[in-house]
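The shown structure was predicted, so the numbers you read here are calculated from the model rather than taken from an experiment. One is the number of the first residue; the rest follow in order along the sequence.
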Amino acid sequence: MNTGQPPTADLREYYRRLMNSTQWLDVGMCWTAVVPDDGRALTLDQVAVRLAGNTPYRLHEPAPLKAIGPPEQDAYPVLIDWYGSTTVLFEWDYLGTSPTVLQRLSQGARVYSAWWNVNANNLLSFAAGGEHVLAIDALFPGQQEDHAGLARWPELQAMTDFFAEPAPEDLDEDEDEDDLDGRADYDWRAAFLAVIDRTTGARLTGEWLKQPHPYVTVRMPDAIR
């Protein structure tokens, strides 16, 4: 039984307010934080190469979100910026969930990614040292023991209310277990962003979303291969 406030309670409330004040975030986004093992921030070129792999890309001057056109398969934009040595990436789709891209980004680094779309498809992902360690669906997260790499993300492991409660021993065969764990009211979007914030110190803010940032465009179908 989970008791008390989760360790990310204050951060979750912050992100709930951000979602309420920036409602288009609910429609879909991907927020990725790359933390280098040696404490030296990746350069813009290094980030672009890791995103694109061995495929073409273009670097662009800083621009605000509203000045960047809708994503296209052949010119898919990813905004890039830094919190100290941590690189943050913002996009409207799922490049930051691709195991191939996460493996490239995590060479000599740890990478944390939160993604969802308008249909509530979602993933919370973690990669380290070129290995894709975790990818968890917040609507069906399973229990902690279902995720072999969870100990490598201690901040998420500590957030026990994120995971499903063990099924009651007296569960009736005709009852839907998913209806019993209360996840319908669980604010998983805020939980995603809160645990990445707590882990990396990189915070998504309303101001950040309005400010200009450099960005790279890649060919989406090629970059995820």
Side-chain angles (χ1 to χ4, degrees), residues 1-37 39 79 81-91 94 96-97 102 105-106 109-117 120-128 132-166 178 180-209:
M1 177 69 71
N2 295 319
T3 59
Q5 291 292 312
T8 55
D10 290 344
L11 285 172
R12 292 192 209 184
E13 181 56 32
Y14 164 79
Y15 282 111
R16 278 191 285 267
R17 293 196 302 269
L18 178 65
M19 293 286 175
N20 289 335
S21 64
T22 316
Q23 294 185 357
W24 59 264
L25 286 175
D26 280 349
V27 175
M29 58 159 281
C30 186
W31 176 249
T32 303
V34 183
V35 183
D37 293 338
L79 279 75
D81 216 324
W82 293 266
Y83 281 82
S85 63
T86 297
T87 303
V88 291
L89 314 172
F90 182 92
E91 51 174 308
Y94 59 90
T97 69
L102 289 169
L105 285 172
S106 69
R110 291 171 288 117
V111 181
Y112 308 88
S113 173
W115 165 78
W116 59 82
N117 68 14
N121 296 315
N122 72 89
L123 281 177
L124 181 66
S125 301
F126 169 52
H132 186 215
V133 180
L134 289 173
I136 304 177
D137 184 327
L139 301 182
F140 307 99
Q143 298 174 27
Q144 287 198 343
E145 55 267 30
D146 297 328
H147 305 287
L150 185 59
R152 297 172 66 180
W153 190 349
E155 293 83 3
L156 178 59
Q157 187 177 38
M159 206 166 73
T160 55
D161 70 317
F162 179 84
F163 299 93
E165 294 283 0
D178 290 333
L180 300 179
D181 61 14
R183 297 199 66 79
D185 296 325
Y186 188 79
D187 195 339
W188 51 269
R189 293 178 181 85
F192 273 14
L193 296 173
V195 73
I196 292 177
D197 188 325
R198 182 176 178 86
T199 304
T200 68
R203 180 160 301 180
L204 182 61
T205 68
E207 291 77 14
W208 195 96
L209 293 168

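A salt bridge is defined here as a Lys NZ or Arg NE, NH1 or NH2 lying under 4.0 Å from an Asp or Glu carboxylate O, and D161 with R12 meets this definition.
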**Request:** Kindly indicate, with the supporting measurements, whether the criterion side-chain contact (heavy atoms from CB on, under 4.5 Å) is fulfilled by L150 and L156.
**Result:** CA-CA 7 Å; L150 185 59; L156 178 59; 3.8 Å; yes
**Item:** side-chain contact (heavy atoms from CB on, under 4.5 Å) between L123 and I136, worked out
**Value:** CA-CA 5 Å; L123 281 177; I136 304 177; over 6 Å; no
**Request:** Starting from the C-alpha separation in whole Å, work towards a yes-or-no answer on side-chain contact (heavy atoms from CB on, under 4.5 Å) for E13 and L11.
**Result:** CA-CA 5 Å; E13 181 56 32; L11 285 172; over 6 Å; no
**Prompt:** Run the side-chain contact (heavy atoms from CB on, under 4.5 Å) check on M29 and E91 step by step: do they pass?
**Reply:** CA-CA 6 Å; M29 58 159 281; E91 51 174 308; over 6 Å; no
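Here the closest non-hydrogen pair linking A9 and R16 is O-NH2, 4.3 Å. Here the closest non-hydrogen pair linking L139 and A120 is CD1-O, 3.7 Å. The shortest heavy-atom contact between Q143 and D146 is N-OD2, 2.7 Å. Annotation for A202 and T86: closest pair CB-CG2, 4.3 Å, computed over non-hydrogen atoms. A194 and T8 get closest at one heavy-atom pair: CB-CB, 4.0 Å. Here the closest non-hydrogen pair linking A109 and V34 is CB-CG1, 3.9 Å.
Put simply, the side chain of F163 reaches to within 4.5 Å of the side chain of H147, judged on heavy atoms. Taking 4.5 Å as the limit, some side-chain heavy atom of L204 sits within range of a side-chain heavy atom of L18. The shortest distance between side-chain heavy atoms of L89 and L105 falls below 4.5 Å. V88 has its side chain within reach of Y83: a pair of non-hydrogen atoms, C-beta onward, lies under 4.5 Å apart. Counting only heavy atoms from C-beta outward, the side chains of R189 and D26 approach each other to under 4.5 Å. L25 places a side-chain heavy atom less than 4.5 Å from the side chain of L209. Residues L193 and M19 are in side-chain contact: their nearest non-hydrogen atoms beyond the backbone lie under 4.5 Å apart. In this structure the side chain of W188 never reaches within 4.5 angstrom of the side chain of L124, judged on heavy atoms.
No more than 12 heavy atoms of other residues, nucleotides or ligands lie within 6.0 Å of CG in D10, so this atom counts as exposed by the packing criterion. Counting heavy-atom neighbours within 6.0 Å of E145 CD, excluding the residue itself, gives a total above 12.
Distance check, rounded to the nearest 0.5 Å: CD of Q157 to CZ of R152 gives 12.5 Å.
A donor-acceptor contact closer than 3.5 angstrom is absent between the side chains of S125 and W115. A side-chain donor from one of D197 and Y15 sits under 3.5 Å from a side-chain acceptor of the other.
Ring geometry for W208 against W31 counts as perpendicular: the plane angle is over 60°, on a 0 to 90° scale with 30° as the lower cut. Between Y186 and F162, the ring planes are perpendicular. Angles over 60° get that label, and only those under 30° would be called parallel. Using a 30° and 60° split on the angle between ring planes, W153 and F126 fall in the tilted class, from 30° to 60°.
E155 places no side-chain N or O within donor-acceptor distance of the main-chain N or O of I196, the cut-off being under 3.5 Å. The backbone N or O of Y94 sits less than 3.5 Å from a side-chain atom of T97, completing a donor-acceptor pair. In terms of modelled atom types and a separation under 3.5 Å, the side chain of S113 and the main chain of G96 share a donor-acceptor contact.
Checking N121, N122, V27 one by one against W116, the side-chain contact (heavy atoms from CB on, under 4.5 Å) holds for a single residue, N122.
With a 6.0 Å cutoff to the six-membered ring centre and a 45° limit on the axis angle, R203 counts as a cation-pi contact of Y14.
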